Amino acid sequence: METNHKQLVDQYNRRLNYLRISVTDRCNLRCLYCLPCDGIPKLLHEDILTYEEILRIAGIAVRLGVEKIRLTGGEPLVRKGLCKIIPQLTGLRGLKDVALTTNGIFLKENLEKLKTGGIKRLNISLDSFKRDKYKRITGYDGLEQVLAGIDLADQMGFQPIKINVVVIKGVNDDELLDFARLSLEHPYHIRFIEYMPLGIVSSDNSLHHVPSSVIKEKLGNLGKLVLVSKTALDGPAERFRFEGAPGEIGFISPLTHHFCHTCNRLRLTASGRLRPCLLSDREEDLKGPMRKGASDSDLANIFLKTAFNKPLEHARASHDSLHFPGQMSSIGG
Ligand code: SAM
């Protein structure tokens, strides 16, 4: 096995120890803030990284200091055989955490395999508790399936279970207290995410984010939010807890309180491109060189160069751009 003592550090001295891997660009939902209702052109099967390629890249990343990997998509659970590679991923020496982000539709039937594979942490996207509204947002009448998946995951001891809520003005901001109340009754982490205008969907100017500060103020009606201190592998959420609550509240504010200066992430797209910033379209191809016979050390050098050139901050942070390049469904959020 080749070893590499170099670490992924950018020119601003940020250490990049978190890799998000999009395992597919396909999704079984059409969330109005993520994908247009008639979808986008799908990648061809041969353009998507194989599981062997994903495992090889993950291994290289871990040897370069990546400690946390998140599997995302598209919808990761629509890709056949995903659960089979999870034990190989969680078994990578040096990797401390493998997590999964899912829309929860196929969660219940996969929980057993996810657990035996070594996944402990789940992020589940859920933007409404109202059946009709859930269907309007996602294009699918699947609320019951998601709730059943969350319930069983809780019973099976997954910890933490994070519920990702993308808050959109006039769409689901009337349910903020209902979501927050969940943290009073269950050990769930409710994470309110500011909607980001990305890709084709962003041309729909009717969608607007709700600033985290506004959400926080509304939640004040439920009680006092106490700051929770961050841990080493934490993401960008500002963490809080209502006094005495088993669960948490998190705010992810890419627009109003960008966290670029502490960003520790790299993203691998479903088509095998390494993307150093979600909101910038700079990417480096790994799949092409790999399929032309690049060695692990060649690929490690692409990683190191891409990491070094990670932008200091995203476009909105520096010049108030209204739309971001890229398609969330293939980058993986
Ligand atoms: N299919 C999985 C899911 O729904 O969780 C994983 C992929 S999805 C792209 C990952 C996360 O990105 C989800 O929590 C989703 O809500 C979030 N997301 C997608 N589009 C977004 C946008 N325009 N602004 C903010 N968050 C977004």
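Start at 1 with the first residue, then count along the sequence. Below, each value reflects all heavy atoms present in this structure, side chains not excepted, and no hydrogens, waters or symmetry copies. Every value quoted in this text rests on a predicted model; they were computed, and no experiment measured them. In listed order, ligands and their atoms are each counted from 1.
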Output the list of atoms in ligand 1 that are nearer than 4.0 Å to some heavy atom of [X], sorted by atom number.
{"X": "T102", "result": "2 (C), 3 (C), 5 (O)"}
{"X": "E194", "result": "25 (C)"}
{"X": "T72", "result": "6 (C), 7 (C)"}
{"X": "N164", "result": "14 (O)"}

Using distance alone, decide if ligand 1 has a nitrogen or oxygen within less than 3.5 Å of any nitrogen or oxygen in [X].
{"X": "M196", "value": "yes"}
{"X": "R20", "value": "no"}
{"X": "Y195", "value": "no"}
{"X": "E75", "value": "yes"}

Pair L255, Y195 - check side chain to side chain contact (heavy atoms under 4.5 Å, CB included), show working. CA-CA 8 Å; L255 298 192; Y195 158 70; 6.0 Å; no

Between D10 and R14, does any NZ, NE, NH1 or NH2 come within less than 4.0 Å of an OD or OE carboxylate oxygen?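 Salt bridge between R14 and D10, a charged N being under 4.0 Å from a carboxylate O: yes.
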
Considering only heavy atoms, does N103 approach ligand 1 within less than 4.0 Å through its side chain, its backbone, both, or neither?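 The answer is both, backbone and side chain.
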
Residue portion contacting ligand 1 (non-hydrogen atoms closer than 4.0 Å) for T101: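 Both parts.
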
So between G74, C31, P76, whose heavy atom ends up nearest atom 1 (N) of ligand 1?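 Nearest option to atom 1 (N) of ligand 1, by heavy atoms: G74.
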
What's the verdict on side chain to side chain contact (heavy atoms under 4.5 Å, CB included) for E175 and D178, showing C-alpha distance, side-chain angles and the deciding distance? CA-CA 5 Å; E175 295 187 57; D178 298 333; 4.2 Å; yes

Would you check, one step at a time, whether the test side chain to side chain contact (heavy atoms under 4.5 Å, CB included) holds for Y18 with D97? CA-CA 9 Å; Y18 177 15; D97 185 26; over 6 Å; no

For L126 and V165: C-alpha separation, side-chain torsions, deciding distance, then whether side chain to side chain contact (heavy atoms under 4.5 Å, CB included) applies. CA-CA 6 Å; L126 177 63; V165 189; 5.9 Å; no

Just to verify, which of E112, E109, K108 counts as forming a side chain to side chain contact (heavy atoms under 4.5 Å, CB included) with L152?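 The single option meeting the side chain to side chain contact (heavy atoms under 4.5 Å, CB included) with L152 is K108.
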
If you take the centroid of each ring, where Trp contributes its six-membered ring, are F129 and Y134 closer together than 6.0 Å?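 For Y134 and F129, the ring centres are not under 6.0 Å apart.
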
Ring center gap for F251 and F240 short of 6.0 angstrom: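 Judged by ring-centre distance (under 6.0 Å), F251 and F240 do meet the cut-off.
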
